[in-house]
Amino acid sequence: EAVALGFGKAIVREEGAAAPVLAVAAGDRLVAGGRLELGAYHPEVVLEADSPDGGWVAYTVRTIDAKEDEVDTDVYMAPLAAPDGGEAIRLTASPKSESTPRWSPDGRYLAFLSEREGDKSQVWLLDRRGGEAVKLTDSKASVEDLAWAPDGKRLALVIADADPHEIPDDAKGAAKTPKPIVIRRLQFKRDGAGYLRELRSHLYLFDVAAKTSVQLTSGPYDESEPRWSPDGRAIAFTSNRDGNFEIYVMFSDGSVEIR
């Protein structure tokens, strides 16, 4: 699929496809309309979001260090005004990967996900004018997706259930017998996720200023892809409540859920 980005066409990578959104030459310039053939050592570039003013695009670059057998993903942004794109700016360079950059409604901040502290993905906030990123969330399990409310004061988050059998960090060095895996699901295993057990992913409402969250959904199913209504009163999301992922809408206070 090709989409207009203000400087021509960019190739949009479908999920799981072998072609990325944009090609980056030497990691310095954003090239429109490029397709990068992904080999073992080539970077994978994925378009994430345009800034609210339409002047910038945020994207991630995934690289592979074959020697160290490690993968790293970093966040970049590049201007859209120039006919051929413009000079890209690297925004993150930590040893841990960063992903899912999302612009705040006023375009001042970029929120993204990273495991910079510990082994759980959390929301970090970066002021695009400069400075270090600040950790927003401190969830017991990984945050999987996020979406800004139109007022810029709230985030809709998708957070995985905490694993009650997980060994705490301060006890991981001790010898412990793993507990048996109990499965009550017809689909018991998934590539990349392993055994599915009873852990699910649910929707939360996060207050940016107070750094507090309220769980909006629960139950033996998963929620994903939250999107806000323009007035900030409702959140649309997908859920597999009947076995297939369908679109649902609920008010941001968790009431009146509609399929």
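For the single chain, residues carry numbers from 1 onward in sequence order.
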Note to self: Would Trp56 and Arg128 count as a side-chain contact (heavy atoms from CB on, under 4.5 Å) here? Give the steps.
What the structure shows: CA-CA 11 Å; Trp56 294 82; Arg128 60 180 292 190; 2.9 Å; yes

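- Across all their heavy atoms, Thr60 and Ser99 have their closest contact at CG2-CA, 4.2 Å.
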Notebook entry, point to check: Are Glu98 and Arg116 close enough, and set up right, to give a side-chain contact (heavy atoms from CB on, under 4.5 Å), and what steps lead you there?
Noted result: CA-CA 8 Å; Glu98 292 85 18; Arg116 289 186 173 189; 3.0 Å; yes

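- Between the side chain of Thr238 and the backbone N or O of Ser224, at least one donor-acceptor pair lies under 3.5 Å.
- Checked by atom type and distance alone, the side chain of Arg154 pairs as donor or acceptor with a backbone atom of Gly232 at under 3.5 Å.
- More than 12 heavy atoms of other residues, nucleotides or ligands lie within 6.0 Å of CZ in Arg90, so this atom counts as buried by the packing criterion.
- Within a 6.0 Å radius of NZ in Lys153, no more than 12 heavy atoms belonging to other residues, nucleotides or ligands are found.
- Of all non-hydrogen atoms in Pro150 and Ser229, the two that sit nearest each other are CG-O, 3.4 Å.
- Of the possible donor and acceptor atoms, one in the side chain of Ser139 sits under 3.5 Å from a partner among the backbone N and O of Ala141.
- Taken to the nearest 0.5 Å, the CZ atom of Phe237 stands 13.0 Å off from the CG atom of Asp145.
- Within the model, atoms CE of Met250 and CG of Leu205 stand 10.0 Å from one another, a figure rounded to the nearest 0.5 Å.
- A salt bridge does not link Glu223 with Arg200: every distance from a Lys NZ or Arg NE/NH1/NH2 to an Asp or Glu carboxylate oxygen is 4.0 Å or more.
- Put simply, the side chain of Asp207 never gets that close to the backbone of Thr212: no donor and acceptor are under 3.5 Å apart.
- Nearest heavy atom pair, residue Ser121 against residue Ser142, reads N-OG, 3.1 Å.
- Taking a cutoff of 4.0 Å between a charged side-chain nitrogen and a carboxylate oxygen, Asp127 and Arg108 qualify as a salt bridge.
- Note: the hydrophobic cluster containing Ile235 does not contain Trp148 (ILVMFWY, side chain heavy atoms under 4.5 Å, direct or indirect links).
- Of all the heavy atoms in Asp253 and Leu216, the pair that sits closest is C-CD2, 4.1 Å.
- Counted within 6.0 Å of NZ on Lys135, heavy atoms from surrounding residues, nucleotides or ligands total more than 12; the atom is thus considered enclosed.
- More than 12 heavy atoms of other residues, nucleotides or ligands shown are found within 6.0 angstrom of CG on Asp53.
- The two atoms that bring Leu126 and Ala133 nearest to each other are CD1-N, 3.8 Å, heavy atoms only.
- The OH atom of Tyr109 lies 6.0 Å from the CZ atom of Arg129; values are rounded to the nearest 0.5 Å.
- Listed for the Asn240 side chain is no donor-acceptor partner under 3.5 Å among the backbone atoms of Tyr221.
- In terms of modelled atom types and a separation under 3.5 Å, the side chain of Ser97 and the main chain of Thr73 share a donor-acceptor contact.
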Next item on the list: Start with the C-alpha distance between Val143 and Val158, add both sets of side-chain angles, then the distance that settles side-chain contact (heavy atoms from CB on, under 4.5 Å), and finish with yes or no.
Entry: CA-CA 6 Å; Val143 181; Val158 176; over 6 Å; no

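- With contacts defined as side-chain heavy-atom distances shorter than 4.5 Å, the pair Pro226/Leu203 qualifies.
- Hydrophobic clustering (side-chain heavy atoms under 4.5 Å, transitive across Ile, Leu, Val, Met, Phe, Trp, Tyr) keeps Leu136 apart from Leu110.
- Tyr248 and Trp228 fall within the same hydrophobic cluster, defined by Ile, Leu, Val, Met, Phe, Trp and Tyr side-chain heavy atoms under 4.5 Å apart, directly or through other members.
- Judged by distance alone, the side chains of Thr92 and Asp74 do bring a donor and an acceptor atom under 3.5 Å apart.
- Not one N or O on the side chain of Thr100 forms a donor-acceptor pair closer than 3.5 Å with the backbone of Leu113.
- Both Leu91 and Phe112 sit in one connected hydrophobic cluster of ILVMFWY residues. Membership requires side-chain heavy atoms under 4.5 Å apart, directly or through other members.
- Considering CD of Glu70 and CD1 of Ile64, their distance stands at 12.0 Å, rounded to 0.5 Å.
- Glu144 and Ser201 make their closest contact through OE1-OG, 2.8 Å (heavy atoms, listed as atom of the first residue, atom of the second, distance).
- Note: Ser239 OG to His202 NE2 = 8.5 Å, rounded to the nearest 0.5 Å.
- Trp103 and Ile89 end up in the same hydrophobic cluster when Ile, Leu, Val, Met, Phe, Trp and Tyr side chains are linked at under 4.5 Å.
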